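What follows is a set of notes on a single structure, which appears directly below.
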Amino acid sequence: MTKLREKLALRRADFVAAQDASTVRLNTLKTQLSALGPVPEEGSEPEDIASRRTTLKSEIETLNAPRIRAKEAFERAEGLIREIDAALSAQQAAILMRLGPSPLDVRIWPSAMGQLTEALQVVIGSVSAAWNTPVVREEIRDNLPVILSLLLAAGLLMTQGRRWMVHVSLTFNRAESPYANKFASYLRSLGQLAIVILSLHLLARAWDISRLHGNDLAFLLEHAVWILAPFFGSRWMGKQLFPLDGLTQIPVPLQADLRPQARLITHWLGLIVSVQVFMGYLRDAVDFNNGTIAVYSFILVLIASVATFRLGMMIWKSTAGAADDQSIAKSTNRLIMRLGQAIVVGSVISLGLAVVGYSDAADALLFSSLFSAGLLAVLFVTFESVRDLCGMLASDEASGHDGLTAVVINAALILMSLPVFALIWGARVSQLTELWTQFKTGVTLGDVQLSPGAVLELIIVFGIGLLFTRLIQRTLKSRVLAKTKVDAGGQNAIVSGIGYLGIFIAALTAITSAGLDLSSLAIVAGALSVGIGFGLQNIVSNFVSGIILLIERPISVGDWIEVGGNMGIVSKISVRSTSIQTFDRTDVIVPNADLVSGTVTNYTHGSAVGRIIVPVGVAYGNDTRKIEAILQPLAAAHPMVLLDPAPSVVFQGFGADSLNFEIRALLRDINYGLAVKSELNHQIAETFAEQGIEIPFAQRDIWIRNPEALGMILPESSL
């Protein structure tokens, strides 16, 4: 059924291609037919035009016929493929739910052990049987140079490969860069694992060429790398997850005394998984009965469940008590803790299924869980190495280590690993290829076929058009309009209009090049116009205003603005509204239409330079020139105050209680205005105290209209 499905998938692809055959010729014929105009309702048209119309229609029908047949064949193949997929899924579910004999029934053990021993003896005995065959000996002599070359290459890799990888990794080591050193360590360990796998492949290939095996062993040799990869991969994984040197950063927060045990359990689990893979291939080559399958599956599941339970409990308890102030570390520890809980629960359920007799379900659950945990561990270690690589290559290592590039690469690795997870949990390759085919085909929206290729083409064409528009705007502003007599406002209006026009043309060109039919949008546009007329004016107004804000950028995230009596820092700009965080740490949501049509004060737009005014009052009788001479150097000495233009001291006038002065100074960053004011006031108070200059209090003269009333209230001694 799987082979039949593959053939149907190939034929279906041919039918899809046949549906698009002769598209250019067909469009040309339709254009020619429309050029003849409609058939007259009254009277008759000239004979030559009627003949030409008939010919064009006949050619169009001739070209359409194979396209219609291809479409019908495509639908038939699609239906057959769906039926086969349903049958395969039902068969797979039936295998998982198949109930065999319980391994607790001791009566099945003798025959099961006998069948297993016999199968292994047949595999091992095929070597001696092949050696005693003269034809095989002759073939060994003929292929001896190739066999010796493969063995020599495998020996060199096993003995010298580790040293080679050390030399390669030394090229990445930097004494001043811890990220480079960690990436070099990861690269060295990964290379050593690859060398071991390659050596195994060469040995298996040499054995296969020697023909010292039977058909069953040949099948196992063909998959030798896949059989032994879990064991050697677990050794690499244990070293990465549970380092023993105390210097390497610990990915999984286990206590030092538990790490050797965790590494040993990881190695044992890798060995059990390799044995399980070996038995799976042997099961395909030898016809085991249900009792044998139940016995060997129970043995492997029992050992793996106990080891998995122990490892999961260690991870669970260690990460549950791990505390870290960083939110990223907390989320990572929580994820590791959930993984430990999952493998503990999975091991218990798998052992229960194996005891009952659901051997296939127990194997699928337990070993799929182990493979998934292993893949997650590989991803976890690789994520950190990618961050180390980005930090090593960046000019600022700290920002590169936690930068956007590392996040994007790790996200891509997660997406690439999703099909592997699906295969681990029983998905078929045909199902994944079907999803990929549907993804490439895209979705149909009315008469428009929207595929990833069309979307990518649309984005690329629009991006090129946008870059070209920006280039024209920059050239107009700096080279053309700057040499005209148009004022600055007119220049900005022209440049903005060119920008809007360029964006519109770029969008129109991108949609057309992607093959999207704009005529199909007419109904949608009509419906939108009716909706706008019935109450969407404000929403559309805010939407358009948001686009204007995002394009013109009169305000940007981080600007200090004041609008509608609200003052604060712009925290977010969306197409509908803008969020402002006030200095009281409250969020104010302002509709974009208010920002476009209203008055907005932007204190930091284009430049953070701004002016502060510090009022100063001194008592009457002080020398005003002396006060100015004191205040001027105080303002100029502050590091945040610009010296060009220099700060000024203004004698404002004569107040009711004091002589009023003002310090007016431009700051490098107006965001520090309050701090600078506070510091200047401290310095002024200290300097005035040293100079004996009085800062006056408010003075009032009290006039009592009837002082004789005081004699009635107060005793004579106090008058």
Side-chain angles (χ1 to χ4, degrees), residues 123 127 139-140 142-173 182-213 216-241 243 263 266-282 285 367 370-371 374-386 388-389 413 416-417 419-420 423-424 429:
V123 172
V127 177
E139 191 170 354
I140 291 176
D142 294 339
N143 296 324
L144 188 60
V146 178
I147 296 173
L148 292 178
S149 300
L150 292 174
L151 293 177
L152 179 61
L156 286 175
L157 287 175
M158 294 293 290
T159 56
Q160 303 296 323
R162 187 181 184 88
R163 184 170 57 86
W164 293 343
M165 289 308 305
V166 170
H167 287 305
V168 172
S169 63
L170 287 177
T171 59
F172 294 93
N173 277 334
K182 288 195 294 183
F183 178 74
S185 176
Y186 169 80
L187 190 65
R188 179 173 60 253
S189 63
L190 193 62
Q192 292 170 353
L193 176 62
I195 286 175
V196 172
I197 298 298
L198 181 58
S199 301
L200 292 175
H201 174 71
L202 294 177
L203 291 174
R205 182 60 181 162
W207 196 344
D208 185 48
I209 294 176
S210 68
R211 309 301 299 172
L212 285 173
H213 52 74
D216 297 338
L217 186 56
F219 183 74
L220 295 175
L221 288 175
E222 183 181 354
H223 301 90
V225 173
W226 296 109
I227 293 173
L228 296 175
F231 172 68
F232 290 102
S234 67
R235 295 180 62 85
W236 175 83
M237 197 178 307
K239 182 179 179 181
Q240 297 296 316
L241 295 178
R263 180 183 284 194
T266 304
H267 296 170
W268 269 104
L269 285 175
L271 178 61
I272 295 300
V273 172
S274 291
V275 174
Q276 167 65 17
V277 176
F278 170 78
M279 293 303 298
Y281 286 123
L282 187 62
F367 292 102
L370 291 177
F371 275 116
L375 182 56
L376 284 174
V378 172
L379 288 174
F380 183 69
V381 175
T382 305
F383 289 164
E384 188 63 28
S385 298
V386 168
D388 293 336
L389 176 62
L413 290 176
M416 293 169 60
S417 67
V420 182
L423 291 174
I424 288 174
V429 177

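Note that the structure is a prediction, hence the values are computed from the model and not measured.
When side chains are defined from C-beta on, Phe371 counts as touching Val277, because their heavy atoms get closer than 4.5 Å. Side chains of Trp207 and Val127 form a contact here, defined as non-hydrogen atoms less than 4.5 Å apart. Between Leu193 and Phe232 the shortest side-chain heavy-atom distance falls below 4.5 Å. Between Leu152 and Leu148, the closest side-chain pair of non-hydrogen atoms is not below 4.5 Å. The closest side-chain heavy-atom distance from Leu241 to Thr266 is not below 4.5 Å.
Here the closest heavy-atom approach between residue Leu413 and residue Leu379 is recorded as O-CD2, 4.3 Å. Of all non-hydrogen atoms in Gln240 and Ser189, the two that sit nearest each other are NE2-OG, 2.9 Å. In terms of heavy-atom proximity, Leu202 sits nearest to Ala153 at CD1-CB, 3.8 Å. The minimum heavy-atom distance linking Ala377 with Met237 is given by the pair CB-SD, 3.6 Å. Across Ile195 and Leu157, no two heavy atoms sit closer than the pair CG2-O, 3.2 Å. Closest of all the heavy-atom pairs between Ala206 and Leu151 is CB-CD2, 4.0 Å.
To the nearest 0.5 angstrom, Leu156 atom CG is 11.5 Å from Met158 atom CE. Here CG of Asp388 is found 12.0 Å from CG of Leu187. Values are rounded to the nearest 0.5 Å. Residue Leu190 holds its CG atom at 7.5 Å from OG1 of Thr382, rounded to the nearest 0.5 Å. The distance from atom CG of Leu203 to atom CG of Leu228, rounded to the nearest 0.5 Å, is 10.0 Å. Atoms CG and NE2, on Asp208 and His201 in that order, are 10.0 Å from each other to the nearest 0.5 Å. In this structure, CD1 in Ile147 is found 10.5 Å from CZ in Arg205, a value given to the nearest 0.5 Å.
Judged by distance alone, the side chain of Ser385 and the main-chain N or O of Tyr186 form no donor-acceptor pair under 3.5 Å. Between the side chain of Asn143 and the backbone N or O of Glu139 there is at least one donor-acceptor pair closer than 3.5 Å. The backbone N or O of Lys182 sits nowhere less than 3.5 Å from a side-chain atom of Ser185 that would complete a donor-acceptor pair. Here the side chain of Ser274 pairs a donor or acceptor atom with the backbone of Ile227 at under 3.5 angstrom.
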Check your understanding: Would Trp236 and Val378 satisfy side chain to side chain contact (heavy atoms under 4.5 Å, CB included), going step by step from the backbone distance to the final call?
Key -> CA-CA 10 Å; Trp236 175 83; Val378 172; 4.0 Å; yes
